[in-house]
Every structure is written in C-alpha cells, then in structure tokens.
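Report on one structure; see the data block that follows.
Just so it is clear, the model here is predicted, and its values are computed rather than measured. Start at 1 and go down the list; that is how both ligands and their atoms are numbered.
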Amino acid sequence: MNRQIRLAARPVGFPKESDFEMVEIPVAEPSEGEVLTRTLFLSLDPYMRGRMNDTRSYSPPVPIGGVMVGRTVSEVVTSRDPGFTAGDVVLGFGNWQDYALMTGKTLRKLDPASAPVTTALGVVGMPGQSAYVGLLDIGQPQPTETVVVSAASGAVGSLVGQIAKIKGCRVVGIAGGDAKCRYVVDELGFDACIDHRAADFGAALARACPEGVDINFENVGGAVLQAVWPLLNDFARVVICGLIAHYNDATPAPILDLRAVLIKRFTLRGFIITDHNVRLDDFQRDVSAWLREGRIKYREDIVDGLEHAPEAFIGLLHGRNFGKLIVRVAL
Ligand code: NDP
C-alpha cells in the first residue's frame, strides 16, 4: 500500500495537523515512459506553505485532497523508461508519499557513492543553489563588504554566509536562539551571529555591523528585515530570497519605507530559483569542490517517518528545525 499525506484544509494562519490527512491507496503500476519509485527521503521546505493557499503565485496551489508536493530522493522499483533500472537512486518530485509514479525526464540519477544522497535536497540541491545564485549573481559580493543573512543556521542561510566568507566578506548571521547562533559562528565561521529573539536584537545587530551593511540576504522579513533596513549603506543590495515571517499572514504585511531605496540607491531584488537553472552546473561544480576541500559545512535535521512530516513542517515555520529539514521515509 502507498501512504499519502494530502491537503485536507487550507490553513488559516499557521498550519495545524488537522490541515493534513494520511490515506492509504494501492501502489500504482507504471505506464510506458513512467518509473515507479519508493521514497527514501522527503525534503520539507518553506515554499510548501505557499502551495497550501489558494492564491495566485509562481506555482499552482495544491488542491484540497491533493498529495502535498515535495522533492524526494527515491529508489526505482520498476521502470518503463529505458534510462532507468530498478535500484537506481533518483531525485524528483515524488511528493509526500511512500511510492510515486514519475516520468523519466523529470528525474535525475544520483550517485550514492559520490555524496550522501540527502545532500541533493540541501547543500547541493535547491536550497544550496538559491544561496549561490542569490548571493553571487544578485548580491555581487566584493571583498571586505559586510553581508547580513537571516535564518543563518538554515539550509539557505548557512551556505550564503560560508560562500560570502570565501569571497572575503565580513558576515553577520541572524538566527533564533543561542544554540543556533553559536553554531553559526563556531562551526560555520561567520564573524558574528545575532539572536533575533533577544530583547536588544536591533542594537546588537547595529553593534555587529560597525561599517553598515552592503548586502542583505533576506530569508525572513518582518522584524528581522526592519532591523537591517536602517543599517544599509549607499548602493546596498537587498536580495529577497524568502519572507518566512509572512507566510502565515492573512493580510499583506506593511510596506517598508521605500524612501531609503531612493536616497541610498539600493538594489532591491527578489528571485525564484527555478528561473536560474542556467547556473545549475556552475553551482554544483563550485559547491562540490568547496565541500571536498572542507571549506563548507552543512547540517541536516532528519526526522523519521512519513507520518511525522506534518508536525515537522509546522515546526519549520516556528523555527524548530536546526539545519536542512528532511524526512526519512524508508531505508
Ligand atoms: P531554514 O532551514 O532556514 O528553516 C526556516 C527557518 O526560518 C527556521 O528554522 C527559523 O530559523 C526561521 N524562521 C521561521 N519563522 C521565522 C520568523 N517568524 N522570524 C524569524 N525567523 C523565522 O529554511 P530554508 O533555508 O529552506 O529557507 C530559508 C528561506 O529561503 C525561506 O524564506 C524560504 O522560503 C526561502 N527560499 C527561497 C527560495 C527562492 O527560490 N527564492 C528557494 C529556497 C528557499 P531561526 O530559528 O533561526 O529563526
């Protein structure tokens, strides 16, 4: 049987476990050109919150009763595509379920001997590529510049800061709580990390950025972005990668004071990583080399059991994950 986690109701505010339902259906048979896969690992990512809303976005919403969308690392069970054989390990959109039917052209084969397969969901996957493209192509870091990155211990933020260090920048992270901040400085090598939950957050951030901020890699928005905004230097680049503090808002967030964009001549740019696949090979080459050379570290937060995916996903929206959040579905 195939266990699936489906969207039961559209959340109002933060999702609840009752917004999801688990059903069991028979495992389907592949048609010509299709591959039947068994999910090994499911990636849980903040963008999934947007797919739970029935609003116009860059991707269509999950319908009520639809299987929750998600990237997976899976093992091929049966293949009716000549490019794949049983036992191959593949990256694809297998979604929140034990078994999936996918067409071969949507899959990428992974080599389990060359890297742990979970890295294809994190440091050398979509979040890593977002860090690489957002920082290098949009942020355009120059040596000695100050880079501030929020959600700094997470999948995207941890890599942004480490690449910025490789490029010779001063890097200040923002993260929730002491343990994450210590990890960001002691393990990842950022110059400083400020706890956004601390009472003196804004003042502490200003003290950590005595020369102001040249690049703000924004993953959060809300009070975090508001604290960075007055510290931005002339010609700063503000890279809007994510606004997780707003994903559960029922009404649009208040707009920041845009006069600063004019007066300080900022570049303010959002991006969606799927528009940047032209950089996939460059990203994989560079990040794989930095990993091999020990210049980059990554951390994964692996939760056991598909049935725990809703709880883990809700935790991500509350900052309870510590590293790239992945569900081990089978092994
Ligand atoms: P993370 O691993 O960083 O996990 C999310 C983290 O966000 C939490 O652990 C928490 O960290 C922080 N957070 C959550 N809610 C709040 C809040 N209200 N205020 C402050 N911090 C909060 O996730 P990812 O690295 O996968 O994603 C980071 C961001 O990048 C997200 O906004 C995501 O949507 C975006 N993204 C955008 C892409 C694009 O194409 N533009 C592609 C991939 C990701 P803490 O405890 O430190 O606060």
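The existence of a salt bridge linking Asp286 and Arg295 is excluded, since no basic side-chain nitrogen approaches an acidic carboxylate oxygen closer than 4.0 Å.
If you look at ligand 1, the protein residues with a non-hydrogen atom under 4.0 Å away are Pro46, Met126, Ser130, Ala151, Gly154, Ala155, Val156, Ala175, Gly176, Lys180, His196, Arg197, Asn219, Val220, Cys241, Gly242, Leu243, Ile244, Ala245, Tyr247, Phe271, Ile272, Ile273, Leu316, Leu317, Gly319, Asn321, Gly323.
Ring pair Tyr247/Tyr47: centre-to-centre distance not below 6.0 Å.
Both tests hold for Arg299 against Phe322: distance to the six-membered ring centre under 6.0 Å, angle to the ring axis within 45°. The cationic atom of Arg279 (NZ for Lys, CZ for Arg) does not lie both less than 6.0 Å from the six-membered ring centre of Tyr132 and within 45° of the ring axis. A cation-pi geometry, defined here as NZ or CZ lying under 6.0 Å from the six-membered ring centre and within 45° of its normal, holds between Lys109 and Phe84.
Using cut-offs of 30° and 60° on the angle between ring planes, the pair His318 and Phe14 is parallel.
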